[in-house]
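Report on the structure given below.
Values reported hereafter were calculated over all heavy atoms of this structure, with side chains retained and with hydrogens, waters and symmetry mates removed. Letters A, B, ... mirror the listed sequences (proteins, then strands); counts begin at 1.
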There are 2 protein chains.
Amino acid sequence: MAEIEPNWEWYRSFLQVLETGSLSAAARALGLTQPTIGRHIDSLETALGLKLFTRSYDGFAATDAAQELRPYAAGLAATAAALRRAASGQAAGVRGVVRVTASEVIGVEVLPPILAALRAQHPGLSLELMLSNRADDLLHREADIAVRMFRPAQDALMARRVGGVELGLHAHEQYLAHHGTPASLQELAQHTLIGFDRENAFIRRVQQEYQAFARADLAFRADSDLAQLAAIRAGYGIGFCQVRLAARDRRLVRVLPQQFALNLDTWIAMHEDLRGSARCAATFAALAEGLAAYIEGR
Amino acid sequence: MAEIEPNWEWYRSFLQVLETGSLSAAARALGLTQPTIGRHIDSLETALGLKLFTRSYDGFAATDAAQELRPYAAGLAATAAALRRAASGQAAGVRGVVRVTASEVIGVEVLPPILAALRAQHPGLSLELMLSNRADDLLHREADIAVRMFRPAQDALMARRVGGVELGLHAHEQYLAHHGTPASLQELAQHTLIGFDRENAFIRRVQQEYQAFARADLAFRADSDLAQLAAIRAGYGIGFCQVRLAARDRRLVRVLPQQFALNLDTWIAMHEDLRGSARCAATFAALAEGLAAYIEGR
DNA sequence: TAGCCGCTATAAGAATCCGAATACCCATGG
DNA sequence: CCATGGGTATTCGGATTCTTATAGCGGCTA
């Protein structure tokens, strides 16, 4: 038992093998060769005193032990990436890489013009957009700035509320032309409803406030908010959509505006450590301004 | 500009140089040699395109850039250490290393017998104790299990409330013999009071509830809760102390028990990822049981 | 002021690690 | 049934990296 501290580089190889499923693929991804990766895994196994993979002739199979270690290795990779981003923006002025995470709808429909304008203003700046609804992106350093529809709970974050995004029921005018416009909650039950497949905080709130949207009543379900939006636009049926977003397309009509309305608080959050970073501060400010403009309908 | 991805091993050298202040010391700490560390730093500087240290003949001086990158490097080290702990406990049964964090008083006065009993039960288990009041230990993976006097706010944590620790004013009987026992809040003002030097959540609560303990009135201040406890035991004056703790020493007398009482919720928290770990589950259970016994005065 | 200690920088030999080539295994498809 | 493609294991020469050693610099102390 050598009791050797593993070389951190071995962790990188380990993670890559986990993610690609084979030594060869990991080697390609890392710009190394298969024997090298194989040696790294061997070394790591002896250093940890664990069997990480069961060898076979079509790729490695990760053992349970390897799977348990995976989140740690992924954490290393995320932190290393964050370090690189931080380093890229060290020089004076607004330059370097900023990684922004947001929900799919916001990321696709709202952020691009905001980020484009920001980028035009700062040619040295690069922006990366990561679309997900996971709340822990910032803590795991997977992103620098997050746009979220709920108040970030973590202590180490700087969070600013930029306003409330109004959600309402919408449908395409063609759909309404064919099926009529519901005038009441009862009539809504006769219509094709678009809703969520996956349970999440948002849909629980909807179900709580509006029994009509109980999961069983939905004629279309999709994990992705974007898919729902596309379904509404395609005239599939009636679904929830941000009011400001729908207002951009004259053919989208709001349904039952009095009866159905939800307000989602919108927050921008950033890790405290990045307070001094010019590129992050500039991006934060641009997002705050741009989202406020979006919310107010400018 | 080579645009090379830094070797993760360089980060380890970088952090060690930051922490030790010189190439040579870092080399000793890592079991390498000074020219090696020097080359790592050089490589990292060119890879990141940053000047990390200003060379001088008595150690390096870290630049601002290096200081900004420090938390990331520390995060890497913490995650790597957590990975090793996780790996050490992979084998079946309760074995490996568990790292517990707690406040100083709990860690010194309450936990040792609990941990000793646990260890006696599981000879393959090693325990590490880290004493601090920082809330983010678990998220940065600096510890596996935390004993805290407030409800952990993070989502990714499993937290269990084990009860309320009662705090009260105490003094040594010798002190009271010399100065008398205060019978009212007014009399307390004539006495020597032991309190906190640093502002924190606890003292703010005390000040809010008991004006007598405004900071200016304190005749003895110490950052460390242990130092306060020692002062009480030494007969220096009257201060706050856990009631159960004071009850162990017959010469410590509770003062104004009706007027002054604070109840601190006590929580045990663990990262969700560790749920499946036998060694962490066993430690968690032992802490829950032991702390409950302490709180109930068993 | 001389001497010592700890530090960094540099050069050259030793040890290590990597990569190319190869052998072999398995699944797939004509 | 054989050819093919993607995978792992192994070997060996060569490039890279580490260590050893040496020199130079600055601060401290006698």
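Less than 4.0 Å separates DNA chain D from at least one heavy atom of each of the following residues of residues 25-33 of chain A: A:Arg28. Interface residues of residues 6-18 of chain B facing DNA chain C, ordered by number: none; criterion, heavy-atom separation under 4.0 Å.
Residues forming a salt bridge (Lys or Arg N to Asp or Glu O under 4.0 Å) with A:Glu9 (at least two apart in sequence, or on another chain): A:Arg12. Under the side chain to side chain donor-acceptor pair (under 3.5 Å) criterion, A:Ser13 pairs with A:His40, sequence neighbours left out. Among residues two or more places apart in sequence or in another chain, the salt bridge (Lys or Arg N to Asp or Glu O under 4.0 Å) test is passed with B:Arg85 by B:Asp144. The side-chain contact (heavy atoms from CB on, under 4.5 Å) test applied to B:Thr101 returns B:Met130, B:Ser132, B:Asp137, B:Ala143, B:Ala146, B:Arg148, not counting sequence neighbours. Applying the side chain to side chain donor-acceptor pair (under 3.5 Å) rule to A:Gln34 yields no partners; only residues at least two apart in sequence or on another chain are considered. For B:Glu109, the salt bridge (Lys or Arg N to Asp or Glu O under 4.0 Å) partners are B:Arg233, not counting sequence neighbours. With sequence neighbours excluded, no residue forms a side chain to side chain donor-acceptor pair (under 3.5 Å) with B:Thr20. Scored by the side chain to side chain donor-acceptor pair (under 3.5 Å) test, A:Thr63 finds no partners at all (sequence neighbours excluded).
Atom CD of A:Gln34 is separated from atom P of D:dT10 by 11 Å (rounded to the nearest Å). At whole-Å resolution of the value, CZ in A:Arg39 and P in D:dT11 are 12 Å apart. The distance between atom CG of A:Leu23 and atom C1' of D:dA9, rounded to the nearest whole Å, is 10 Å. Between the P atom of D:dT8 and the CD1 atom of A:Ile41 lies a distance of 11 Å, rounded to the nearest Å.
Comparing the local axis fitted to the first five base pairs of the helix from C:dT1-D:dA30 to C:dG30-D:dC1 with the one fitted to its last five gives a bend of 20°, rounded to 10°.
For residues 119-131 of chain A, the set of pairs meeting the side-chain hydrogen bond (donor to acceptor under 3.5 Å, both in side chains) definition, not counting sequence neighbours, comprises A:Arg99-A:Glu128.
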